Amino acid sequence: MREFKLYIDGQWVESGAGTIVDDLNPATGEVFARVHHASVEDVDRAIAAAQRASEQWGTSLPAEREKILMNAADLLEQRTSEFVDVLIDEAGATFGKAMAETSFVVNLLRSAAGEARRITGETMPSDSPGLISMSVRRPLGVIGGISPFNFPFLLAAKKVVLAIAAGNTFVLKPASDTAVIGLKIGELLGDAGLPAGVVNVVPGSGAAVGNQLVTDPRISMLTFTGSTEIGKQLAVEAAKTLKKITLELGGKSPIIVLDDADIAYAVDAACFGVFLNQGQVCMANSRIICEAGIFDEFCDRFTAKVATLKVGNPREHDTVIGPLIKPSQCRFLDSHVRDAVDKGAKLLTGGSSEGAFYAPTVLAGVTPDMVVYHEESFGPVVSIIAVQDHEEALTVANDTCYGLSSAVITNDLQKAMKLALGLEAGMVHVNGSSAYDEPHVPFGGIKDSGMGREGGRYSMEEMTEVKWLTIQMGQRHFPF
Ligand code: NAP
């Protein structure tokens with residue numbers, strides 16, 4: 001049985017409290033690895049190590065940061081199968097999703113290497129004669145990160161890699177269900193030549209380790225990806241010490257299909273957008289909002305396609321739907337489906353489960369009194385909602401507390417732009433899927449989907465502070 005220790009100050013160390021936890025393979029229910037969980041003292045040492053390392057790392061040359069990040073990208077490319085195996089066995093990722101996630105991180109590392117050279121300030125005019133006025137960007141110091149289980153490599157790496165590219169040091173608490181892939185980020189960066197202490201990884205429960213990260217005054221900023229419920233709690237805690245915080249939270253994203261759409265294309269876009277990673281995607285288009293003129297045909301063709309998606313062993317390359325992170329999630333999804341059906345929704349396909357596997361499920365006739373209309377299912381359950389026109393589509397799309405991603409399928413430019421500008425979401429994809437990301441784009445949401453943006457220069461802005469700096473040429477006249 002493989003055992004993974006904590007990664008603190010460049011060393012693999014045992015849990016101070018002797019806590020070692022089973023990490024399960026969601027597809028088989030078997031123990032995949034045993035993981036050391038950090039005690040209060042371990043987290044304290046990790047923060048202290050990050051603080052010590054920040055003196056040198058904060059003034060390191062961009063060339064040094066660039067070289068290490070490029071090395072890490074090359075190493076990851078060479079070791080792709082090792083990371084893909086962990087994603088399949090620990091997170092229940094299908095082979096295709098694990099490959100895509102790993103290659104995203106390779107691109108992320110390379111694009112972050114470039115960001116290290118592009119942390120710029122500006123000069124500005126001044127009303128004082130002879131005054132040179134400028135802004136410079138400085139790293140924040142130690143950043144704490146808490147990441148979720150669903151894209152456990154990509155989402156944790158985005159935080160860590162962009163933070164260190166900006167000259168910060170990092171303490172990461174990965175999701176307990178996917179702690180190994182979090183630890184392997186530390187291992188990869190260490191192998192690439194990152195100095196000890198710059199990145200530390202401390203698995204442990206959210207309530208314990210997560211809470212310590214948000215309350216410790218040595219941590220300048222907390223970057224969190226996870227549920228809205230926990231994100232709101234962390235925002236309250238962070239406010240007590242005025243700690244900077246960015247939140248990437250839940251979603252109930254819409255895809256709007258207008259009646260001029262190519263239906264086959266719309267079916268493909270909506271299907272990918274909601275069933276990627278068996279629906280465990282914050283950007284999942286779990287609400288398909290379809291104009292009435294094509295509703296019946298869309299439902300028929302969508303349901304026919306969904307019924308062909310292969311559910312099962314995530315290692316088999318043609319599997320689309322792997323296991324949920326744990327079997328208890330199936331009961332949660334069942335409660336959404338049962339509530340909808342009891343209140344009059346039509347179950348077009350799915351609604352069954354075995355172990356941690358939930359069949360891809362399509363509901364039609366979903367109305368606002370049903371739980372699934374509003375709440376994030378975070379699984380392979382989608383609602384198709386009929387609307388009369390694009391204006392009603394916009395009203396229904398915005399009828400949610402969330403505002404993460406969205407998509408519109410139409411070839412009508414006027415309507416596309418009206419919807420794109422009117423959708424209350426941080427991201428809109430016209431003729432695409434709501435589930436989309438790239439390393440350098442402003443990823444993030446509004447409303448209950450969070451605050452702040454992650455990716456490329458947007459992370460550089462979040463993870464540095466602006467300092468105003470002036471130089472007086474000659475002498476200034478003071479009034480007294
Ligand atoms: P979660 O339960 O909120 O957990 C996320 C992380 O927070 C985990 O590391 C968890 O640790 C930790 N945590 C739990 N309780 C905590 C506490 N009291 N204080 C500090 N940390 C705490 O979310 P999840 O189930 O892993 O992920 C699914 C959610 O994340 C969905 O709502 C999804 O939409 C959202 N998500 C958002 C994005 C985005 O970019 N907007 C991306 C992916 C996922 P433990 O694992 O130890 O509980």
Side-chain angles (χ1 to χ4, degrees), residues 19 21 23-24 26 35 37-38 43 90-92 101 104 144-159 171-182 201-216 219 222-238 243 245-253 274 276-286 324-326 328-329 332 375-379 400-406 425-427 434-437 441-455 458-459:
T19 314
V21 172
D23 186 355
L24 303 182
V35 178
H37 272 203
V43 178
E90 185 184 45
E101 185 168 358
F104 187 107
I146 303 177
S147 54
F149 71 82
N150 62 323
F151 273 78
F153 190 21
L154 186 166
L155 293 169
K158 231 192 209 188
K159 297 179 183 306
V171 180
L172 171 69
K173 191 215 94 64
S176 299
D177 289 322
T178 52
V180 171
I181 198 71
V201 187
V202 282
S205 86
V209 178
N211 188 54
Q212 203 174 336
L213 293 185
V214 71
T215 50
D216 194 295
I219 293 188
L222 186 81
T223 165
F224 173 80
T225 301
S227 61
T228 297
E229 184 193 349
I230 302 293
K232 284 183 175 175
Q233 288 174 27
L234 290 171
V236 170
E237 283 308 313
K243 196 189 294 299
I245 188 166
T246 55
L247 300 169
E248 300 288 349
L249 308 176
K252 191 82 196 173
S253 297
V274 70
L276 171 66
N277 199 36
Q278 35 287 2
Q280 300 171 123
V281 176
C282 54
M283 311 163 271
N285 50 242
S286 50
L324 297 175
I325 193 68
K326 42 179 73 126
S328 58
Q329 280 303 107
F332 177 68
E375 278 192 20
E376 186 180 37
S377 304
F378 218 57
T400 170
C401 65
Y402 294 111
L404 189 56
S405 189
S406 56
M427 304 176 281
S434 67
Y436 191 56
D437 192 11
V441 300
F443 187 98
I446 60 172
K447 296 162 77 177
D448 275 5
S449 290
M451 54 192 194
R453 293 293 178 270
E454 269 188 356
Y458 304 94
S459 285

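Numbering of ligands and ligand atoms starts at 1, following listing order. Keep in mind that what you see is a predicted model, and the values were worked out from it rather than measured. Residue numbers run from 1 in the order of the sequence given.
To the nearest 0.5 angstrom, Gln278 atom CD is 6.5 Å from Leu324 atom CG. Atoms CD and CD1, on Glu90 and Ile325 in that order, are 7.5 Å from each other to the nearest 0.5 Å. Separating the OG1 atom in Thr223 from the CG atom in Leu213 is a distance of 11.5 Å, to the nearest 0.5 Å. Taken to the nearest 0.5 Å, the NZ atom of Lys252 stands 11.5 Å off from the OG atom of Ser434.
Of all the heavy atoms of Leu155, the ones lying under 4.0 Å from any atom of ligand 1 belong exclusively to the side chain. The side chain of Leu404, and not its backbone, has at least one atom closer than 4.0 Å to an atom of ligand 1 (non-hydrogen atoms only; side chain from C-beta on). Neither the backbone nor the side chain of Val214 comes within 4.0 Å of ligand 1, counting heavy atoms alone.
Residue contact check: Glu248 has heavy atoms under 4.0 Å from atoms 37 (C), 38 (C), 39 (C), 40 (O), 41 (N) of ligand 1. Remark: ligand 1 atoms within the under-4.0 Å shell around heavy atoms of Asn150 are 43 (C), 44 (C). Residue Pro148 has at least one heavy-atom neighbour below 4.0 Å for each of these atoms of ligand 1: 26 (O), 27 (O), 43 (C), 44 (C). Close contacts between ligand 1 and Leu234 involve ligand atoms 19 (N), 20 (C) [criterion: under 4.0 Å to a heavy atom]. With ligand atoms numbered from 1 in the order given, ligand 1 contributes 3 (O), 6 (C), 7 (O) to contacts under 4.0 Å with heavy atoms of Phe224. Listed by number with element, the atoms of ligand 1 under 4.0 angstrom from any heavy atom of Cys282 are 34 (O), 36 (N), 37 (C), 38 (C), 39 (C), 40 (O), 41 (N), 42 (C), 43 (C), 44 (C). Taking every heavy atom of Ser176 and a limit of under 4.0 angstrom, the matching atoms of ligand 1 come to 45 (P), 46 (O), 47 (O).
Heavy atoms of Gly204 come nearer than 4.0 angstrom to ligand 1 in at least one pair. Ligand 1 lies within reach of Ser205, whose nearest heavy atom is under 4.0 Å from it. Remark: distances from the non-hydrogen atoms of Phe151 to ligand 1 are all 4.0 Å or more.
The nearest protein atom to atom 31 (C) of ligand 1, hydrogens excluded, is given as Glu376 OE1, 3.4 Å; this is a heavy-atom distance. With hydrogens left out, the protein atom closest to atom 26 (O) of ligand 1 is Phe149 CD2, 3.3 Å, a heavy atom. Protein heavy atom nearest atom 11 (O) of ligand 1, with residue, atom name and distance: Lys173 NZ, 3.0 Å. The protein atom (non-hydrogen) at minimum distance from atom 15 (N) of ligand 1 is Ile230 CD1, 3.5 Å. Of the protein's non-hydrogen atoms, Phe378 CE2, 3.4 Å is the one closest to atom 28 (C) of ligand 1. Ile146 CG2, 3.6 Å is the protein heavy atom nearest to atom 12 (C) of ligand 1. Remark: minimum distance from atom 41 (N) of ligand 1 to any protein heavy atom is reached at Leu249 O, 2.7 Å. Closest to atom 2 (O) of ligand 1 among all protein heavy atoms lies Ser227 OG, 4.1 Å.
When Ser147, Ala175, Gly145, Gly206 are ranked by how near their heavy atoms come to atom 6 (C) of ligand 1, first place goes to Ser147.
Looking only at side-chain heavy atoms (C-beta outward), Asp448 and Leu249 stay at 4.5 Å or farther from each other. A 4.5 Å side-chain heavy-atom check between Tyr436 and Met283 finds every atom pair outside the cut-off. The shortest side-chain heavy-atom distance between Glu454 and Ser459 falls under the 4.5 Å cut-off. For the pair Ser147 and Leu172, the minimum side-chain heavy-atom distance is below 4.5 Å. Residues Thr215 and Lys243 have side chains not in contact (no heavy-atom distance under 4.5 Å, counting atoms from C-beta outward). Using a 4.5 Å heavy-atom cutoff, the side chains of Phe378 and Pro148 are not in contact.
Asn150 contributes no side-chain N or O that, together with a main-chain N or O of Asn277, makes up a donor-acceptor pair within less than 3.5 Å.
Judged by the 6.0 Å and 45° rule, Lys158 forms no cation-pi pair with Phe151.
For the pairing with Lys173, the side-chain contact (heavy atoms from CB on, under 4.5 Å) check across Val43, Ile146, Asn211 returns one residue only, Ile146.
Counting heavy atoms of neighbouring residues, nucleotides and ligands inside a 6.0 Å radius, atom NZ of Lys447 exceeds 12 of them.
Protein heavy atoms are absent from the 4.0 Å sphere centred on atom 4 (O) of ligand 1.
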